[in-house]
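Throughout, protein chains are lettered first and strands after them, A, B, ... in sequence-line order, and every chain is numbered starting at 1. Computed from heavy atoms alone, side chains included, the values below leave out hydrogens, waters and symmetry copies.
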Protein chains: 2
Amino acid sequence: MSTPGRGLHGRVLESLGPAITAGEYPPGSVLRTDELAQRFEVSRSVMREAVRVLESMHLVESRRRVGVTVRPANEWNVYDPQVIRWRLAGADRPRQLRSLTVLRCAVEPVAAGLAAKHATAEQCAELTECALGMVANSRGHKLEGYLVHDVAFHRIVLNASGNEMFARLGDVVAEVLAGRTHHQVMFEDPDPAAVTLHVQVAEAVRAGDAVRAEELTREIVVGALQELDILSPES
Amino acid sequence: MSTPGRGLHGRVLESLGPAITAGEYPPGSVLRTDELAQRFEVSRSVMREAVRVLESMHLVESRRRVGVTVRPANEWNVYDPQVIRWRLAGADRPRQLRSLTVLRCAVEPVAAGLAAKHATAEQCAELTECALGMVANSRGHKLEGYLVHDVAFHRIVLNASGNEMFARLGDVVAEVLAGRTHHQVMFEDPDPAAVTLHVQVAEAVRAGDAVRAEELTREIVVGALQELDILSPES
DNA sequence: GTGACGCATAAGTCTGACTTTTTGTTCCCG
DNA sequence: CGGGAACAAAAAGTCAGACTTATGCGTCAC
C-alpha cells in the first residue's frame, strides 16, 4: 500500500512521524538529534535526514542551541499524503476522516462538473467500467472489490476535471475510502443508493451534463458525510 | 516573505527546487548527488539532506545505483506551500494561478457557509474590520493596503470554517492574491463590486446566514477567475 | 536467444572532528 | 540593586573520508 520504509531514515520516519502527529510530543517539546539517534540506533547523519523531512512537513523546527522543537498542529502540512496517512493511523482518525470528507464535499462536485466538460472518450469508458464494477461488487460481502472500483472511480473523475490541484486529491480520497472500509465498521454491503448515484454520475459525465454531474456527486459525498455522522456523534 | 534559506541545505533547495519545478530537468532526468554537491559547493551530507527534502515533496526519487531521478509533474506534492511558491515564481505562473483559483472556487464558498455557522464573535468582528479596511483602500492606488486586508479577510473565513483542511489553505490563498496583485497587472483600483461583496459576506457571516455567505463568496471567487481569463486567454 | 554470473557504480551508512550560532549565566560597573 | 557586556556551554550545522550495500548492465556460457 504505502512505501515500506525506504532506507534507514525512512524507517525512523515511520516510527517518529506517527508519534508526533498522534500528539505524543506536545507542541513546544524539544528533541535532541543525538538522543534520537541513540534511541533509534542510527547514526546522526541518518537522523538528521529524518529531521529534515519532518521539518519540510512543518511538523518540527530545528534551531541551533535549542534542538528540534515540535510545532503546533495548526502549522503542519496536512495535505502531505504521508502526514495524512500518519494521522489516519492515529487515535483521532474520526475527526481526521470528517475534515477530509468535508473537503471532498467542497471539491468533488466541482471536479465532476468540470469532468463532464473535459473528459475524454477513454475516461468516460473507464468511468462506466468502474461504475459497473461497483454494481457487480455491491452485494455479497465483496467490500474489497467494491473499494477498488470506488477508488478508481473518484480518481478518474478528479483526473478528468483537468485541474491539477483536484487531480492530486486522488490519493487523499483513496486514503479516506480505504480508511472508511477498513476501520469504520461499514455496513456489510454498501448503500445501494450510493451505487446508483455513481452509475448516474458516469452517465452524466458521458453526456456532458455538468450541472447534473455536479449535483449527483454532491449527493454522493454529502451521503458519505452523513454516514460518518451516524457512526460518530458530532455537535 | 518566505523563509530565507535556513542553513546551507536551504540555500541549495532555493536554487534546485525552482529549477526542477520550472521543468529545467525533464521527468526521468538523473542527477548524481556527488555532482550536485560539487556544483553547489557543499558537502555530500548537506546535499543528501536537500535531496531528502525534495524526495519528501515527491519532486525526485533517489535509487541506488541509479541516482536521483526527477519525477513527472503529476506526482509532485502540489499542495506543499514551498512547491506552490516555487511554481508561482516560475514561467507558467498563469496556469498555476488558474488552477489554484479554480480550487478556491470549490473551497471558499463552502468554507464561508461553514464560517457563518461556526464563527465566534471575535472572528466576526475581525472580519468586519477587514472588510472596512478593504473599502478604505479601494480607491486611490492603495493596492498594497488593499491586499493586506484582502488576505486577512479570506484567512479569517477559512479559519472560522472550523475545518482544518480549509484553514490550511489560507497560505495558498495568500500566495494567489499576492501573485495577482504583484505580477498580473491588476487594474489600478480593485473592482468595486468585489469590495461590496466582501462587506456583504462579513454581514452574512455575522448574521449566521450560511447560504447567503456561500453564494456571495462564490460570486467573489468566480469573479476572480473571470479576471484571470480576461488577462490570459484560455480554452 | 536465454539465463546466470560478476563487476562497476552510485546511493547509503557511519564515525569523528571541527565550526557556528545562540542561550543563559556570571560578573563588573554604574 | 539593576543593567549590560563578556564568557562559557550546548546543540545543531558542516565537512571529509572510509566503508557497505544494492542493483543495473554487460558478459559469457549454454
Side-chain angles (χ1 to χ4, degrees), chain A residues 2-17 19-20 24-72 75-76 82, chain B residues 2-17 19-20 24-72 75-76 82:
Chain A
S2 64
T3 46
R6 276 269 238 278
L8 250 189
H9 92 284
R11 232 163 299 161
V12 172
L13 279 176
E14 271 181 13
S15 169
L16 193 52
I20 294 175
E24 284 181 32
Y25 306 92
S29 308
V30 288
L31 311 169
R32 270 166 303 120
T33 309
D34 291 2
E35 185 210 319
L36 290 173
Q38 281 182 23
R39 171 135 55 102
F40 290 102
E41 297 176 314
V42 295
S43 66
R44 291 199 318 283
S45 355
V46 169
M47 183 49 75
R48 283 181 56 75
E49 288 173 23
V51 168
R52 282 279 172 269
V53 173
L54 293 175
E55 201 176 25
S56 88
M57 296 167 172
H58 276 67
L59 262 52
V60 302
E61 185 182 4
S62 181
R63 278 171 53 197
R64 272 185 157 132
R65 165 61 185 169
V66 169
V68 179
T69 72
V70 179
R71 306 181 79 144
E75 296 180 3
W76 299 346
Q82 185 112 84
Chain B
S2 63
T3 47
R6 272 296 211 251
L8 211 40
H9 93 284
R11 233 164 297 160
V12 172
L13 278 176
E14 271 180 13
S15 170
L16 193 52
I20 293 175
E24 284 181 30
Y25 306 92
S29 308
V30 287
L31 311 169
R32 271 167 304 120
T33 309
D34 293 3
E35 186 211 318
L36 290 174
Q38 281 182 25
R39 171 135 54 102
F40 290 102
E41 298 176 315
V42 295
S43 67
R44 277 207 323 139
S45 350
V46 168
M47 184 49 75
R48 282 181 56 75
E49 289 172 23
V51 168
R52 282 278 172 269
V53 173
L54 294 175
E55 201 175 25
S56 87
M57 296 167 171
H58 276 69
L59 261 53
V60 302
E61 185 181 3
S62 180
R63 277 172 54 196
R64 269 187 158 128
R65 165 60 199 202
V66 171
V68 179
T69 71
V70 178
R71 306 181 80 145
E75 296 180 4
W76 297 347
Q82 185 112 82

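The line from CZ of B:R63 to CZ of B:R65 is 11.5 Å long, rounded to the nearest 0.5 Å.
Judged by distance alone, with hydrogens and angles left aside, the side-chain atoms of B:W76 form a donor-acceptor pair with the main-chain N or O of B:R71 at under 3.5 Å.
Closest contact between the side chain of A:V42 and the listed nucleotides D:dG24, C:dC14, C:dT13 involves C:dC14. The nucleotide whose nearest atom lies closest to any side-chain atom of A:V68 is, among C:dT21, C:dC14, D:dA12, D:dA12. Comparing D:dA22, D:dA12, C:dT13 by their nearest atom to the side chain of B:R44 picks out C:dT13. Comparing atom distances between the B:R48 side chain and each of C:dG12, D:dC15, D:dA12 picks out C:dG12 as nearest. Of the candidates C:dT13, C:dT23, C:dG12, C:dG12 carries the atom nearest the B:R64 side chain, counting heavy atoms from C-beta on.
Contact check, B:R63 against D:dA22: no side-chain N or O comes under 4.0 Å of OP1 or OP2. Contact annotation: A:R32 side-chain N/O to D:dA12 OP1/OP2 distance is not under 4.0 Å. A close approach under 4.0 Å does occur between a side-chain nitrogen or oxygen of B:T33 and OP1 or OP2 of C:dA11. An OP1 or OP2 oxygen of D:dA12 is reached within less than 4.0 angstrom by no side-chain nitrogen or oxygen of A:S62.
Atom CG of A:L8 and atom C1' of D:dA22 are 14 Å apart (whole Å). Between B:R6 atom CZ and D:dA11 atom P there is a gap of 19 Å when expressed in whole angstrom units.
Counting any heavy atom pair closer than 4.0 Å across all strands shown, A:V51 reaches no nucleic acid atom.
Mapping B:R52 and A:S45 onto DNA chain C by nearest heavy atom places B:R52 closer to the 5' end of the strand.
The existence of a salt bridge linking A:R6 and B:E61 is confirmed by a sub-4.0 Å separation between a basic side-chain nitrogen and an acidic carboxylate oxygen.
Side-chain atoms of A:S56 and B:S56 form a donor-acceptor pair, as typed in the model, at a separation below 3.5 Å.
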